[in-house]
Peer 1: 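A single structure is presented below for examination.
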Amino acid sequence: MRAAVCPRYGPPEVVRVEELPVPELGPDQVRVRVGAAAVNFPDVLLVADRYQATVPVPFVPGSEFAGVVTETADGVTDFAVGDRVVGTGMHGAFAEEVCVDASCLQRAVERLDDRGAAASGVAHRTAFHALRSVARVSTGDDVVVLGAGGGVGLAAVQIAAALGARVTAVASSSEKLDAAARYGAHHLVDHTAGPLRAALRDAVPDGADAVLDPVGGDLSEPALRALRRGGRFVTIGFASGAIPRIPLNLVLVKGVQILGFAFQDVPPEEFARNESELGELLASGAVTPHIGAVYPLVEVAAALRHVAEGRAVGKVVLDVSRVR
C-alpha cells in the first residue's frame with residue numbers, strides 16, 4: 001500500500017510517500033480503507049519532534065481519517081465490513097489502509113463524503129466540547145474566538161453561533177475573516193491591523209463571556225483582558241508556537257477563570273451529550289466542515305507545509321484515493 005513516511009525528524013519536506021506492507025490486524029481492531037485524511041498542526045509538530053509526545057521514526061503521520069471498513073477482528077461487534085467510519089489516533093492516517101482499535105472509530109455522518117467526514121472529527125469535537133463543557137457557552141453569550149480561520153477556530157465560530165452566541169472572530173487575513181463571517185461571526189477583527197486590545201474593546205465594549213484560544217502567543221493576554229468579570233478563558237493549544245506568560249493579577253482583579261481543555265477532563269455524561277448534540281448539528285447541516293485545500297497523498301509534504309505556515313482556512317485534507 002502507499003503511505004506517507006517520516007523517516008527522520010525535521011520539516012514537512014522530510015515526509016515522503018513509499019510502498020509499505022499492509023498493516024496486520026490486531027485484537028479488537030478494525031481495518032479501514034482510507035478515503036481521505038485531515039492534516040492537523042500536531043502532525044507537523046510530530047514530524048518535527050516538537051510535540052508533547054514523541055513517535056519513534058520511521059512512522060506514518062496523520063491523526064484523522066475517513067473511509068470504509070474492510071475487515072474486523074474476532075469479537076468486534078460495533079462495526080461491520082462496508083461501514084463508513086471516521087477515526088482518530090496519534091499517527092498512521094496518511095496511508096491507503098489503517099488498522100485501529102474499534103474504540104477509535106465512529107460512524108461517519110451520512111451526508112458527508114470522505115473529505116467532509118475526515119474534516120469533521122478532531123477540530124469540531126474539540127471546539128464543541130470546549131465551548132459546551134468548559135466555556136459553558138449559552139444563548140446570548142459574547143464569545144471571542146482566536147485563530148478563527150483555522151481548523152479548530154472556524155469550527156468554534158460555527159458551533160458558538162449554532163449555540164446562540166454572538167461571535168467575535170479574530171484572525172490574520174481577510175480570507176480567514178470572510179470565512180468566519182460566512183459561518184456566523186458577528187464581529188471580525190484582523191489582529192495584524194492594529195492593537196488587538198483596542199479592537200476587542202470596540203467589538204465587545206461590555207466584555208466577553210468567553211474566549212477560546214487555540215493560538216497562544218501575543219494574542220492571549222489582550223483577549224484575556226477583553227473578558228467581563230466572571231468570564232472564562234479556555235486555552236486549547238499554541239498554534240503560534242509560543243506559550244504566553246499571563247500576568248496573574250488580571251485573574252485576581254477581573255475575577256475571571258483560566259481553563260485548559262482536554263477530552264479526558266469532560267465528565268462522561270457530558271461527553272456523551274456533547275457527542276450526540278454535535279452529531280445532530282453535523283447531520284442536519286447546521287454545522288459543516290470548511291475544507292480550504294485538498295491535496296493528493298503524493299503531495300503530503302506540501303499539505304503539511306500549508307498547515308505549518310498558518311495558511312490553512314478551515315481544514316486541509318489529503319485525498320488518499322487520488323493518485324495525483
Side-chain angles (χ1 to χ4, degrees), residues 38-43 63-64 86 88 106 109 112 116-139 141-171 176-177 179-186 208-216 219-220 223 231-240 259-267 270-292 307 310 312-317:
V39 184
N40 297 298
F41 192 69
D43 300 326
S63 57
E64 188 173 19
V86 294
T88 57
Q106 292 181 311
V109 173
L112 299 175
S120 70
V122 172
H124 284 75
R125 293 177 68 225
T126 296
F128 195 93
H129 287 287
L131 286 165
R132 192 80 163 84
S133 288
V134 185
R136 304 287 178 184
V137 168
S138 58
T139 300
D141 281 354
D142 278 296
V143 177
V144 174
V145 177
L146 304 181
V152 172
L154 196 51
V157 168
Q158 296 183 57
I159 291 166
L163 292 174
R166 292 182 297 271
V167 181
T168 297
V170 179
K176 293 177 179 180
L177 290 172
R182 290 200 300 274
Y183 290 109
H186 294 71
D209 295 283
V211 171
L212 236 65
D213 181 10
V215 179
L219 302 184
S220 298
R232 286 86 62 199
F233 184 100
V234 182
T235 179
I236 297 174
F238 309 104
S240 67
L259 305 158
F261 168 76
F263 282 110
Q264 63 264 32
D265 293 333
V266 179
E270 290 191 26
F271 192 93
R273 177 204 65 191
N274 294 349
E275 293 285 303
S276 176
E277 290 178 356
L278 175 59
E280 290 172 4
L281 289 174
L282 289 167
S284 69
V287 168
T288 191
H290 179 91
I291 299 174
V307 172
V313 179
K315 298 289 286 189
V316 173
V317 170

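Note that the coordinates shown come from a computational prediction; the quantities given were computed from them, not determined experimentally.
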Peer 1: Do you know which two heavy atoms are closest between Val266 and Ser133, and how far apart they sit?
Peer 2: CG1-OG, 3.7 Å

Peer 1: So which atom in Ile236 and which in Pro214 form the shortest heavy-atom distance, rounded to 0.1 Å?
Peer 2: CB-CA, 4.1 Å

Peer 1: Do you know the tightest heavy-atom contact between Leu282 and Pro289?
Peer 2: CD2-CD, 4.3 Å

Peer 1: Taking the side chain as every heavy atom from C-beta outward, state whether Val152 and Leu212 have any atom pair closer than 4.5 Å.
Peer 2: no

Peer 1: In the structure I gave you, are the side-chain heavy atoms of Val307 and Asp43 within less than 4.5 Å of one another anywhere?
Peer 2: no

Peer 1: My understanding is that only residues two or more places apart in sequence, or in another chain, count here; which of them pass side-chain contact (heavy atoms from CB on, under 4.5 Å) with Ala171?
Peer 2: Lys176, Leu177

Peer 1: Under 30°, 30 to 60°, or over 60°: which ring-plane class applies to Phe261 and His129, parallel, tilted or perpendicular?
Peer 2: parallel

Peer 1: Is the shortest heavy-atom distance from the side chain of Leu219 to the side chain of Asp213 under 4.5 Å?
Peer 2: no

Peer 1: Side chains of Arg232 and Asp141: closer than 4.5 Å at any heavy-atom pair?
Peer 2: yes

Peer 1: Identify the heavy atoms of Ala161 and Val167 that sit nearest to each other, and give their distance.
Peer 2: N-CG2, 3.9 Å

Peer 1: For the CZ atom of Phe41 and the OG atom of Ser240, what is their distance to the nearest 0.5 Å?
Peer 2: 8.0 Å

Peer 1: Measure from the side-chain N and O atoms of Glu64 to the backbone N and O of Asn40, and report whether any donor-acceptor pair falls under 3.5 Å.
Peer 2: no

Peer 1: What residues, two or more places apart in sequence or in another chain, satisfy side-chain contact (heavy atoms from CB on, under 4.5 Å) together with Ala283?
Peer 2: Val109

Peer 1: Where is the tightest heavy-atom contact between Ala156 and Leu131, given as atom of each residue plus distance?
Peer 2: O-CD1, 3.6 Å

Peer 1: Report yes if some heavy atom in the side chain of Tyr183 is under 4.5 Å from a heavy atom in the side chain of Thr288; otherwise report no.
Peer 2: yes

Peer 1: Could you tell me if the side chain of Leu281 sits less than 4.5 Å from the side chain of Phe128, heavy atoms only?
Peer 2: yes

Peer 1: Strictly distance-based, threshold 3.5 Å: is any side-chain N or O of Asp209 a donor or acceptor partner for the main-chain N or O of Asp142?
Peer 2: yes

Peer 1: Between Leu278 and Ile159, is the side chain to side chain contact (heavy atoms under 4.5 Å, CB included) condition met? List the steps.
Peer 2: CA-CA 9 Å; Leu278 175 59; Ile159 291 166; 4.3 Å; yes

Peer 1: Measure the spacing between CZ of Arg125 and CZ of Phe271 and express it to the nearest 0.5 Å.
Peer 2: 4.5 Å

Peer 1: Can you tell me how far the CZ atom of Arg273 sits from the CZ atom of Arg132, to the nearest 0.5 Å?
Peer 2: 3.5 Å

Peer 1: Can you name the nearest heavy-atom pair linking Ala119 to Val317, along with the distance?
Peer 2: CB-CG2, 4.1 Å

